[in-house]
Number of protein chains: 2
Amino acid sequence: MHPTIPIAVVNPQRPGARAEVRCGLCSFNKLCLPQGLDEHDMGRLDQIIVRRRRVLRDESLYAMGQSFHSLYAVRLGHFKTAQVNRRGEQQITGFHMAGDLLGMEAIGSGQHSCAAVALEDSEVCEIPFARLQELVLQVPPLMQHFHRTMAREIQREQSVMLFLGNMRAEQRLALFLLSMGARYAARGYSPASFQLRMSREDIGGYLGLTIESVSRLLARFRKQGWISLDKREVSLLDLAGLERLSLGVAGEAEDGGVGGGEAGNQPDYAAPRAA
Amino acid sequence: MHPTIPIAVVNPQRPGARAEVRCGLCSFNKLCLPQGLDEHDMGRLDQIIVRRRRVLRDESLYAMGQSFHSLYAVRLGHFKTAQVNRRGEQQITGFHMAGDLLGMEAIGSGQHSCAAVALEDSEVCEIPFARLQELVLQVPPLMQHFHRTMAREIQREQSVMLFLGNMRAEQRLALFLLSMGARYAARGYSPASFQLRMSREDIGGYLGLTIESVSRLLARFRKQGWISLDKREVSLLDLAGLERLSLGVAGEAEDGGVGGGEAGNQPDYAAPRAA
DNA sequence: CGTCATATTGAAAGATGTCAACAGAGGTGG
DNA sequence: CCACCTCTGTTGACATCTTTCAATATGACG
């Protein structure tokens with residue numbers, strides 16, 4: 001039951017396959033920049049996308065401090081974006097998959113304030129920003145969609161702030177798993193079975209936890225039957241339970257039937273700080 | 001030495017004074033949407049700003065879930081934006097002062113995902129978004145600046161993620177004070193002496209800490225001579241020290257000379273989680 | 001079969017939250 | 001003008017979650 005199974009209409013190119021570069025033929029165009037454009041406008045967008053660029057695992061698409069020229073749409077694969085302190089601590093600001101747009105944070109300053117690193121061999125479409133700005137003036141629906149895309153990024157980050165600021169480790173991890181599932185679902189894959197493309201360290205870096213905490217928490221989720229886990233292959237066995245967990249309703253929650261073990265030794269504290 | 005003193009060219013209207021509504025005469029236009037526009041274009045922007053709106057202390061400019069129609073530029077006063085959990089926990093996503101633009105997070109979904117509440121009697125300029133979209137098509141520099149503004153918001157939030165995810169309470173608070181100072185400096189006020197417009201609870205809500213932690217930390221900063229503090233009036237006495245603190249270089253840091261008290265009982269731990 | 005990176009697990013320490021009592025400011029009404 | 005009340009902020013003692021430090025798997029790769 002673990003393997004990640006596409007359950008719907010997507011048609012992901014194998015890496016290395018000779019793929020068509022036109023947006024109209026990309027299986028993720030509904031999620032991406034051309035969303036809502038007609039054939040003609042999509043063609044104009046095609047014309048400014050200079051090339052398809054491959055990024056190998058652990059390579060960076062752009063580095064922190066690098067000057068900004070283009071946005072990138074993930075075509076295939078996964079990326080993380082990370083910001084590094086002057087002291088070397090790393091905050092993962094997001095994980096990105098097919099259809100996501102990368103680089104927007106750099107528009108303000110002309111410099112990338114975080115690095116984008118491929119979590120596996122990946123491909124992106126490069127969109128020169130200057131040309132996009134011109135095109136957007138001629139294609140109002142594209143501009144509107146671009147605005148929505150940036151705004152959604154703002155909103156996404158606010159929800160990260162919410163869990164970094166307010167939630168316990170357990171809740172954060174449950175929410176993380178659920179949200180990964182939801183994103184895969186939006187791409188036609190199973191919301192409950194998928195492969196974690198990132199290391200435990202990256203998960204920790206994203207959730208504001210140490211790698212040990214992540215590891216322990218995952219082990220606990222597994223023992224309690226919320227999830228099954230084999231290396232990076234994960235299945236969410238009890239979505240409702242995870243949801244309850246993410247809301248902080250720890251404690252009694254039905255035992256899950258598996259393992260039978262040490263449930264009940266969690267205090268049923270109510271809320272982490274709050275009035 | 002505590003009172004907040006304008007040290008430069010700003011000319012804030014007193015609340016209640018009959019103020020000119022044109023952007024060209026607003027002392028914050030350099031920080032706001034009309035940044036970089038010529039007289040003519042600024043006039044066109046003026047025409048779509050429907051009215052100046054007053055928001056009394058504790059009133060909300062918009063509520064969570066409310067449908068989105070307009071952006072708002074803070075003209076006078078201060079706001080907080082806050083997101084609330086299904087469980088009632090509150091995450092303050094930002095504090096906003098004159099020249100800041102509010103409401104961008106709602107562009108994506110058409111619904112406000114956070115509430116904006118006035119921290120004191122305030123005034124905003126309302127900018128109907130549909131009309132802004134039209135205008136932006138006719139005034140490319142305005143569009144570009146609008147994009148930069150949204151992008152800066154993305155970047156700002158990423159830096160909040162960085163400190164919520166990676167930094168200790170002490171560092172967060174130091175950074176918060178410094179950043180407030182920097183923002184006042186950008187508006188022509190003293191970077192070192194200002195009034196905290198928000199409650200301790202709001203500070204905690206922003207920094208992901210309890211009110212008690214904030215209170216204790218402020219007391220410690222004061223005792224160690226980093227700051228002086230009288231109710232909500234704060235002076236940053238040792239900017240370099242606070243900066244070092246925000247970097248996590250706790251420990252020996254020169255005693256500040258004041259109070260003389262219990263310095264040295266902080267462990268000189270190095271980094272909060274990191275490799 | 002070593003070596004390295006990644007992940008798991010245990011024990012102990014420590015930072016921050018929780019609970020509780022209290023102080024001071026400001027407002028209200030007698 | 002004073003008593004009273006509420007709201008905000010301060011401080012203390014204690015609980016506990018999460019980190020830190022350390023040892024030990026596990027798998028990939030030569």
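All values below come from the heavy atoms of this structure, side chains included, with hydrogens, waters and symmetry mates left out. In what follows, every chain begins at residue 1, and chains take the letters A, B, ... in the order their sequences are listed.
When rounded to the nearest whole Å, the span between CG of Leu217(A) and P of dA7(C) equals 15 Å. Here dC7(D) presents its P atom at 13 Å from CZ of Arg57(B), a figure rounded to the nearest Å. As a whole-Å value, the separation of Arg220(A) CZ from dT8(C) P is 15 Å. The distance between atom CG of Asp202(B) and atom P of dT8(D), rounded to the nearest whole Å, is 10 Å. Atom C1' of nucleotide dG24(C) and atom CZ of Arg200(B) are separated by 13 Å, given to the nearest angstrom. In this structure, Ile211(B) places its CD1 atom 12 Å from P of dG17(C), rounding to the nearest Å. Atom-to-atom, CD1 of Ile203(B) to P of dT8(D) comes out at 13 Å; the value is rounded to the nearest Å. Asn166(B) has its CG atom 17 Å from the C1' atom of dT16(C), to the nearest Å.
Distance CE/Met167(B) to CG/Leu162(B): 6.5 Å, rounded to 0.5 Å. Rounded to the nearest 0.5 Å, atoms CD (Glu120(B)) and CZ (Phe79(B)) are 9.0 Å apart.
The side chain of Glu212(A) approaches dC21(D) more closely than any other nucleotide in the set dC21(D), dA28(D), dG9(D). Closest to the Arg232(B) side chain, of the nucleotides dT11(D), dT19(D), dT8(D), is dT8(D). Nearest nucleotide to the side chain of Ser213(B), out of dT6(C), dT9(C), dG17(C): dG17(C). Listed candidates were dA15(C), dT19(D), dA7(C). Nearest to the side chain of Arg168(B) is dA15(C). In the set dT9(C), dT16(C), dT18(D), dT9(C) carries the atom at the smallest distance from any side-chain atom of Arg222(A). Among dT8(C), dT18(D), dG26(C), the nucleotide with an atom closest to any side-chain atom of Ser215(A) is dT8(C).
A close approach under 4.0 Å does not occur between any side-chain nitrogen or oxygen of Arg216(B) and OP1 or OP2 of dG17(C). Of the side-chain N and O atoms in Thr210(A), none sit less than 4.0 angstrom from OP1 or OP2 of dT18(D).
Gln66(A) and His112(A) share no donor-acceptor pair across their side chains, judged by distance under 3.5 Å alone.
The backbone N or O of Leu207(A) lies less than 3.5 Å from a partner atom in the side chain of Arg172(A), making a donor-acceptor pair.
A side-chain hydrogen bond (donor to acceptor under 3.5 Å, both in side chains) with Gln158(B) is found for one member of Glu157(A), Gln91(A), Glu105(A) and no other, namely Glu157(A).
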